[in-house]
Trainee: 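First the structure, then my questions, so here it is.
Below, read A as the first sequence line, B as the second, and so on, with proteins coming before strands; counting in each chain starts at 1. Model, not experiment: these values are computed from the prediction.
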Amino acid sequence: MVAATQTAAQAPAHSTQFLSVERLKKYFGGVKALDGVSFFLEQGEVHALVGENGAGKSTLIKILSGVFPYDHGAISLDGQTYRPQSPHEAKERGVQVVHQEFNLLDHLSIAENISIEKLPRNRFGLLDRPELNSRARKALDAIGLTDIDVKAPVSTLGIAHRQLVEIARALQSESQILILDEPTATLTERETKRLFELVARIKADGVTVVFVSHHLDEVFEICDRVTVFRNGRTIATDLIAETTPDGIVQRMVGRQLAGEMVSGDEQKDFGGVALSVQNLRTEANPTDTGVSFDLRYGEIVGIAGLVGAGRTEILRGIFGIDPVRSGEVQRDGETARFSGPGDAIAAGIGFVTEDRKDEGLILDMPISANISLANINSVSQAGLLKFAAERRQATEAGEKLKLKYGRTADPASSLSGGNQQKVVLAKWLARDPKVLLLDEPTRGVDVGAKAEIYAILKDLARSGVALLVVSSEMPELMTLADRILVLAEHQIQGTLQRADFSEENILKLAYGQTELAGGNSQ
Amino acid sequence: MTLQTTTDTLPAPSRFSVRTVLQNAGIGRALLALIIFFSVFTEHFLTPNNITNILTQITINLVLAVGMTFVILIGGIDLSVGSVMAFAAVVAGKAITLPGFGPAEAIALAVIAATLTGVLCGLINGAISAYWALPSFIITLGMLNIARGAALQVSDAQTIYSFPYAFEEFGSAMIYGVPVVFLVALVLVFMAWFVLNFTVFGRLLYGIGNNEEAVRLAGQSVRRYKIAAFTICGFTAGIAAVVYMARLNISSPIAGIGFELNAIAAVIIGGTSLSGGRGSVIGTLLGAFIIGVLANGLILIGLSDFMRQMITGVVIIFAVILDHYRAKYAAT
Amino acid sequence: MTLQTTTDTLPAPSRFSVRTVLQNAGIGRALLALIIFFSVFTEHFLTPNNITNILTQITINLVLAVGMTFVILIGGIDLSVGSVMAFAAVVAGKAITLPGFGPAEAIALAVIAATLTGVLCGLINGAISAYWALPSFIITLGMLNIARGAALQVSDAQTIYSFPYAFEEFGSAMIYGVPVVFLVALVLVFMAWFVLNFTVFGRLLYGIGNNEEAVRLAGQSVRRYKIAAFTICGFTAGIAAVVYMARLNISSPIAGIGFELNAIAAVIIGGTSLSGGRGSVIGTLLGAFIIGVLANGLILIGLSDFMRQMITGVVIIFAVILDHYRAKYAAT
Amino acid sequence: MADDKPKVGLIMKSLANEFFQNMMAGAEAHQEKRGDYELLAVGMQNETDFESQINAVENFITQGVDAIVVAPADSRAMVRPLKKAMEAGIVVVNFDVALDEDAKKQQGIELAFVGPDNRGGAKLAGDALGKKLGEGGKVVIIEGNPGADNANQRRMGFEDSVAEYKLDLLDSRTAHWETEEANTVFSNMLTAHPDIQGVMAANDSMAIGVVKALESAGRTDIMVVGFDNIPAVGPMIEDGRMLATVDQFGTDMAANAIDLALEVVGGGGELKGWVKTPIELVAAQ
Ligand SMILES: Nc1ncnc2c1ncn2[C@@H]1O[C@H](COP(=O)(O)OP(=O)(O)OP(=O)(O)O)[C@@H](O)[C@H]1O
Ligand SMILES: Nc1ncnc2c1ncn2[C@@H]1O[C@H](COP(=O)(O)OP(=O)(O)OP(=O)(O)O)[C@@H](O)[C@H]1O
Ligand SMILES: [Mg+2]
Ligand SMILES: [Mg+2]
């Protein structure tokens, strides 16, 4: 926090306005993605873009990075008009970007991915592998991924690691503007910290950083100024030092947000054990003890841990996606042998995956079709689709989750990142599962919608559904969970009850310590 | 007209939105251009007789292409349809010429034999490629060889002939100048369109072509659907065999060589993506027409064989380029 | 041995790791099984003479498959290689039989004519499909027709013959029983392997096949690389034409029909993914061997033609199934 | 002591073709009957697959056969490999399509050709049509695979008839030997030239396609001739839907060639020139 105020204080006094955007408009058919965006960047600042899901942040970023052109308005960079026709041109002008959705080459090595923009050549003009690998090594070390083999293909990485590889890649080339679109959405505290250190360092070198996040505390920690988006327009740009998180939220949503949710401390009565996991080991788990825990009806159990601690693999194992090496899963006290997701779903389980692009959504298909995918039988009769029912279901889910979309018939790819995440959630909510597994359920979701989602999840629990939530956001787990399992190295390091919830305790366990500040690990 | 209204209340978006209609219209425009061109340059083109001819000539390709659409939509490919058609025709030819059956029974037997053979080959294609998650290109290439070898073996490389008269009747029957076999193909197109747009099955096929993993994680048995798609493709190969037999009154073990490429071309010219997930059987219908009209028209204007082959290639390329521009303008 | 050491210091992970060697060994195992089978069942199989024969016989397919590997790695396909080979051979045949040149010049002229023709056709394929972002399947299908028509037109459907004696010499020359033309193919394989693994160009081709959009977003010109891949494929078609001419001493306008399927099959049996981004040219080499050994061996054991065709299909399917199990065990 | 029997390598064209299939059957029956030689037969994948014929020659050299009897897919491409075989001491007899004279001369080899001549056969059929139509009769040709030798020769045979009878050749197109394609192609030719009076099809499979096209068009005034005399055209000639076809007695052709080859192997004198075999026009009685 101290550091944050300092950076804010150092906000550039002499305004060197080197990128300015004026009344920018971008339409997708009838959808006004950007409807008058104006702001400017000063050299060497860290500039935050905030706004609700679908407000237009990523669209602006894609325009700045040459992914697609704009319809109206003007951009100037270094005093010249800026209208990049391709990502290549944007990069030539010194604009570097980490997009919200990943753009990695799964079958290529991490090292190759990191240097893909400019693969090193040796003096014969050939690919310089030693240089390639050592560059990657350095880049990964810089962001703290010291234990990852740079020669491994990206497909072996979990989602947070992929995000870090993306960041490492963007940091490779010299740039004058570095744009980070929600880089922290899947990161845990540790990685986020390290990222911020890096940002501070490149800022010191005079690089301007544009930072998008739904975590206002992060914005306040590293940014100098903040521009607020609402419905495709910029509402205001403020000096961080002169504003407060509440003020920003108010601008974002255009109204006062209903007070923070009361984190219900009421004593709850849980039902019987819905899901019992015993010494579960999947193919990816190298330990020989595995993981054991119980989940009761009406209970929300959180799973915390650092990136790569093995959280996702537990959910995948339970849901029958990855083969189980040993141990077992019991559903309502009976041993369940799921040979695939179909079996798990038949047993009343749902699974919100962390990777919406590859596993969660059918991007080219309509929103309504995505929402009905897991419960297609309820919107069909005798194998025939009931389109009206399907549309109704989508509309209802959209209202409930505050989805921002054009029509339910639009493809899911037309949604903003946060809204896509809501569609993944809606898909499983529509299914009325008895047990719901959620992996990073609010990844990329804005502050307001997050609160809604928490309320919905709590309601579900109250109505007797058992929830297992994996999240990299400790506040999220502490708001939602009745109990938090902390994972380290594929094993449960400890379990925290509500009374012991604190970021410090979670972190300690996550780092492998067992001594806690308050209570004790069981 | 009725269809139009139904569509308004039951939109199956990515297939029947304004955009898709435009998309089809795009390739439809290429078709129109061809038709206008040929009408201007040869008086014979727009005659009732010639239209009947074109309809007859595209029937087999259209039937095969309908099944192929299912396979391509799930991101697969079926190279075996031409051979399977020949195999089915030979088996059916053996069946229909069995002694001791009346014409009606013999024909029924042949139809059953042809479709069963087709279905069986398709099932094998689908089962192997789905069960072991193998590239359907190679599996169906294997089947191409197997079915062709089998067709030759069963028939001993002889043309089978002398089918019941009623069968010929069916092959050359017309309703208002429209060949009955073409109507059969149209019915298949309609059924495919219906299945793809209005059933859970069709929806999931599109889903699998788009993102197989997402469909799997939603608890659906991807394998089963894949097998079904290949089986449908085998089925249409069987139907194509029946049409072939009825039209030509023979079963030839060397029929259908290269038909797979034509069928795939119809599907892709019709706008279906080879990587799966996008496309429509209406596009396939138009694609089959383009190929058929081109073949017919170029002969009518009297181009030599070699020039004709070259021009065919050029026009196919131009058609998709044209379609590209259409798609671009439709998108903005 | 040297290779082994190099690999240790310069690992090209997804291509030359232990896993990849195993992967190749997987299909290599299928090859080994075939070889053992044929050696047991026919004494003629493992004779020096027959080995020479096999090497000669797989050369053209191998050459075509090397170029095809590039195209398939970027997620494309080239159906035109067989026709382009014929067209290149015909053009080169016309060139080599021009009067007034000494043998050396005539041969040089022919080689240049063949490769230029191939390169040009490949360039057109690549340029059109990259520029308009069209499916290469259709574009190269168009080229298949264009090149074939052109070959027939240029040659007037006549086989061109009577080439300089030195050319035949080259076609049938041996070094320790290894045909020189096969060595040429091996050199191409080696060059391709080197380019794909040790140059920036090669890595970007893998990248494009893997995720084209990501490579574009990384600021690379995807189009240029795509065009290059198709041009390389055209180039190998030109080289195949030279080999064809040297080996058969004729240029036939109907040469190479169906060669595209064989080349694609070699690539895919060799483990390269049709959707791009994964695979190796070493696999292609093994794939070409499987196809060649199978064709040779099945004739030697005296199978009838139809049975042979069926068995070929079955073995192709089995080879990829076997490969699947290998890949599975290698993965764990 | 089966090993003492001479081995004869028979190289056919695509056995997927009825004509060669029958020829093959004839050869097998012949081998059965004589019983004093071993028959190794190889076909090709398709008509344009010259490579596999060349490979077959190479394989036969490897296997050490005593004689090779070959129906070349390309009259020029096969010359050099066959020369290699002759140099290896193998007796080579050529049938069905004669090897190109110039090419043979160039390679400095001579060998016997057994069989009828495709060109002459086609002319027989063409003449039958020419006689019926008389001068100025409007005809079209349905060709085989362009570039294939027997297709070329049959086309030339038809063209000889056209010249001799002063017929009016309206169009000439390939249907690649295939029934369905012939049906399509001819339907379209008929649309373009409704005044066609006669059709010369380079094989019977295509003739069947033509006959079906005529039936669909309701035309009974057009005469069709074919080639090969496959069983399926029997009824058509019988009931007048086809005018005539040509029988080359393919069943015996390979057998005859084998006989000749064995003679040489057994010490008979060298063979040269053209050993003609019968050929016959088949028309309704
Ligand atoms: N390709 C597209 N087609 C149609 N509409 C689009 C497309 N891309 C974005 N949109 C629309 O543009 C609007 C802005 O989206 P954008 O992705 O910029 O939002 P965002 O501010 O980044 O949101 P989030 O915080 O959820 O990432 C949304 O309403 C979205 O639906
Ligand atoms: N799809 C995958 N294929 C191979 N390895 C994987 C895959 N997903 C994760 N891993 C590896 O398994 C280990 C555990 O990953 P897991 O995804 O379960 O961790 P996590 O705690 O959920 O972390 P993350 O924040 O990355 O999701 C990590 O080392 C990761 O690299
Ligand atoms: Mg966004
Ligand atoms: Mg995870």
Trainee: So does B/Phe318 have more than 12 non-hydrogen atoms from other groups sitting under 6.0 Å from CZ?
Mentor: no
Trainee: Less than 4.5 Å apart, side chain to side chain, heavy atoms only: is that true for A/Ile321 and B/Leu217?
Mentor: yes
Trainee: Rounded to the nearest 0.5 Å, what's the gap from CG on A/Asp358 to CD on B/Glu212? Could you check?
Mentor: 13.0 Å
Trainee: Measuring from B/Phe194:CZ to A/Leu384:CG, what's the distance to the nearest 0.5 Å?
Mentor: 5.0 Å
Trainee: Is it the case that atom NZ in A/Lys357 sees more than 12 heavy atoms from other parts of the structure closer than 6.0 Å?
Mentor: yes
Trainee: B/Leu204 versus A/Leu373: any side-chain heavy-atom pair under 4.5 Å?
Mentor: yes
Trainee: For residues B/Asn211 and A/Met365, determine if any side-chain heavy atom of one lies less than 4.5 Å from a side-chain heavy atom of the other.
Mentor: no
Trainee: Answer yes or no: does atom CZ of B/Arg278 have more than 12 heavy-atom neighbours from other residues, nucleotides or ligands under 6.0 Å?
Mentor: no
Trainee: Restricting to side-chain hydrogen bond (donor to acceptor under 3.5 Å, both in side chains), what partner residues turn up for A/Asp71, sequence neighbours left out?
Mentor: none
Trainee: With a cut-off of 6.0 Å (strictly less than), are more than 12 heavy atoms of other residues, nucleotides or ligands near CZ of A/Arg83?
Mentor: yes
Trainee: Going from CG on A/Leu385 to CZ on B/Arg203, what distance comes out if it is rounded to the nearest 0.5 angstrom?
Mentor: 5.0 Å
Trainee: Looking at B/Phe235, I'd like to know if its CZ atom is crowded, meaning that more than 12 non-hydrogen atoms belonging to other residues, nucleotides or ligands lie closer than 6.0 Å.
Mentor: no
Trainee: Checking heavy atoms, do the side chain of A/Phe319, its backbone, both or neither come under 4.5 Å from chain B?
Mentor: side chain
Trainee: Output the option from A/Asp355, A/Ile362, A/Leu361 having the highest count of non-hydrogen pairs under 4.5 Å with chain B.
Mentor: A/Ile362
Trainee: Looking at CG of A/Leu363 and CG of B/Asn210, how far apart are the two atoms once the value is rounded to the nearest 0.5 Å?
Mentor: 8.0 Å
